[in-house]
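Quick note on labels: first sequence line is chain A, next is B, and so on, each numbered from 1. Below, each value reflects all heavy atoms present in this structure, side chains not excepted, and no hydrogens, waters or symmetry copies.
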Number of protein chains: 2
Amino acid sequence: MRTVPRLQKDTVALYHALNELIRIYQFRDRDRICCHDISITQCHGLEGLVHHGPLMLNELADYLHLDKSTTSRVVDSLERKGYATRLVHPDDSRALELKATPAGIRLHQLIMDEILEEEEAVLSDLSVEVRRALPGVLRKLTQAAANRSKRPNVGCSSASAENQAIGAKK
Amino acid sequence: MRTVPRLQKDTVALYHALNELIRIYQFRDRDRICCHDISITQCHGLEGLVHHGPLMLNELADYLHLDKSTTSRVVDSLERKGYATRLVHPDDSRALELKATPAGIRLHQLIMDEILEEEEAVLSDLSVEVRRALPGVLRKLTQAAANRSKRPNVGCSSASAENQAIGAKK
DNA sequence: ATACTATAGTTGTCAGCTGCAACTATAGTA
DNA sequence: TACTATAGTTGCAGCTGACAACTATAGTAT
């Protein structure tokens, strides 16, 4: 009889904190990334290729949570800019073997360095315990959200014609 | 000689956790919100009006971190759908007094209830201490990021012509 | 009062991101 | 040799967002 409202309060607080965090980080990332000849989504794609080795288009699409058509265009951009290569997969002529080029790896490293330097300044303000616990907790939140969004039609019924995208710029 | 690499490791872990969290939550929010006759940005705008009373357009734009022109169009949508009103400000004929309508408040409450219910399920898995600490930590991260992004040209020099937006749909 | 400047919003324009549907091509199977 | 499934690509339409130009009202300095 006391924990329930407590939990609710925590939940509301978390919701707002998360909301604002996401909004802010979108902009921070855009500022950090977009000046480097690359969009946020492209950077995420590049990151996928750098960290998870050669990928097929579908795999990259899964990683990015994007449609394969959108992903294809992301790869277009990366390829055009020389940050990724699109080769026919050795084991399956239908598939692609997407890789980051040396230039792509360098660019990714550069962006990472910049972001991490900044992040470090923030993290050094936090206590060691919190700092240590944070990634795990965030992953937990992520996991929970990911599990739910896999379910079909989670809590949705009516859909409007207008509006379906997320976005921001400056 | 040992804390520095430690911090770096934490930072990298945090970076990736945050990255994925943001990506996932964008989609979760879109799924939760867009089926309700409203886009995510519109929902954020509505939330601003509901929580922070009557606002002028510029204030709402600040809240949303969006250009006033974009904000104006967000308000257009909300008004058209009957979730907000746009009146001339009583103290300044140039300005607007933006308010959520009863329908807007109801819609916002409905969406909040759905999201919070889900969030509660996640939070109840976490220890009380972590749960309690989380919003504060997130706010700290947000604050730090917000402070930095206020500075002009943070770490950026060259900007490409292509790409500057964030986005996702389904 | 009369400019001059600042501020609040709106609208035109342009470009990017996305998903869906349709289509091509290769694999795998019956 | 069909028939079906899978990997990608492209046409298309909608939404997001910023920037710049423009209108209108406020405030300020002659």
Quiz item: If two hydrophobic side chains count as joined below 4.5 Å and joins carry through other members, does Leu18(A) share a cluster with Leu14(B)?
Solution: yes
Quiz prompt | Short side-chain N/O contact to dG16(C) OP1/OP2 from Ser39(A), under 4.0 Å | solution = no
Practice problem: May I ask you to decide if Leu57(A)'s main-chain N or O and Thr71(A)'s side chain share a donor-acceptor pair within less than 3.5 Å? | Solution: no
Practice problem: Go through Glu114(A) and His36(A) one step at a time and tell me if the side-chain contact (heavy atoms from CB on, under 4.5 Å) criterion holds. | Solution: CA-CA 11 Å; Glu114(A) 287 187 9; His36(A) 286 295; 3.3 Å; yes
Quiz prompt | Shortest non-hydrogen separation from Leu60(B) to Gly45(B) and the atoms involved | solution = CD1-O, 3.8 Å
Exercise. Take the protein atom CE of Met56(B) and the nucleotide atom P of dA8(C), then report the distance between them rounded to whole Å.
Key: 5 Å
Practice problem: In whole angstrom, give the distance that lies between atom CD of Glu59(A) and atom C1' of dG8(D). | Solution: 14 Å
Practice problem: Sequence neighbours left out, what passes side chain to side chain contact (heavy atoms under 4.5 Å, CB included) with Ala84(B)? Give chain and number order. | Solution: Leu49(B), Leu78(B)
Quiz item: How is the base pairing of DNA chain C summarised as a dot-bracket string, given the Watson-Crick and G-U wobble criteria with both distances under 3.5 Å, [ ] for crossing and | for another strand?
Solution: ||||||||||||||||||||||||||||||
Practice problem: Check whether any side-chain nitrogen or oxygen of Gln42(A) sits under 4.0 Å from OP1 or OP2 of dC17(C), and answer yes or no. | Solution: yes
Self-check item: Listed nucleotide nearest any side-chain atom of Leu66(A), set dG9(C), dG19(C), dT9(D)
Solution: dG19(C)
Quiz item: Reading nucleotides 22-30 of chain C 5' to 3', which nucleotides get B (base under 4.0 Å from a protein heavy atom), which S (sugar-phosphate only), which -?
Solution: ----BS---
Quiz prompt | Of Asp76(B) and Arg73(A), the one whose closest DNA chain C nucleotide lies more 5' | solution = Asp76(B)
Quiz prompt | Chi angles and distances behind the side-chain contact (heavy atoms from CB on, under 4.5 Å) call for Arg86(B), Glu97(B) | solution = CA-CA 6 Å; Arg86(B) 188 195 238 126; Glu97(B) 190 183 51; over 6 Å; no
Quiz item: Is there a donor and acceptor pair closer than 3.5 Å between the side chain of Ser69(B) and the base of dC19(D)?
Solution: yes
Quiz item: Leu55(B) CG to dA8(C) C1': how many Å, rounded?
Solution: 14 Å
Quiz prompt | Heavy-atom closest contact (Ala61(B) atom, Lys68(B) atom, distance) | solution = CB-CA, 4.1 Å
Quiz item: Does Thr70(B) make a side-chain N or O approach to OP1 or OP2 of dA18(D) shorter than 4.0 Å?
Solution: yes
Quiz item: Side chain of Ala95(A): nearest nucleotide among dA18(D), dA7(D), dG9(C)?
Solution: dA7(D)
Exercise. Look at the side chain of Val74(A) and decide which nucleotide, out of dG19(C), dA18(D), dT18(C), has an atom nearest to it.
Key: dT18(C)
Practice problem: Specify the closest pair of heavy atoms between Ile105(B) and Ala100(B), including all atoms of both residues, with the distance to one decimal. | Solution: CG1-CB, 4.0 Å
Quiz item: OP1 or OP2 of dT9(D) less than 4.0 angstrom from a side-chain nitrogen or oxygen of Ser72(A), does that happen here?
Solution: yes
Quiz prompt | Closest non-hydrogen atom pair between Thr41(A) and Leu64(A), with its separation | solution = O-CD2, 4.4 Å
Quiz item: Any idea which heavy atoms bring Glu59(B) and Pro54(B) closest together, and the distance?
Solution: OE1-O, 4.4 Å
Exercise. Could you tell me the separation between the CZ atom of Arg86(A) and the P atom of dT10(D), rounded to a whole number of Å?
Key: 8 Å
Practice problem: Return the value, rounded to whole Å, for the distance between atom NE2 of His44(B) and atom C1' of dG17(D). | Solution: 15 Å
Practice problem: Would you kindly give the NE2-to-P distance between His89(A) and dA7(D), to the nearest whole Å? | Solution: 11 Å
Quiz item: Could you state the CG-P distance from Leu96(A) to dG8(D), rounded to the nearest angstrom?
Solution: 5 Å
Practice problem: Provide, to the nearest angstrom, the distance between the CD1 atom belonging to Ile38(A) and the P atom belonging to dC17(C). | Solution: 11 Å
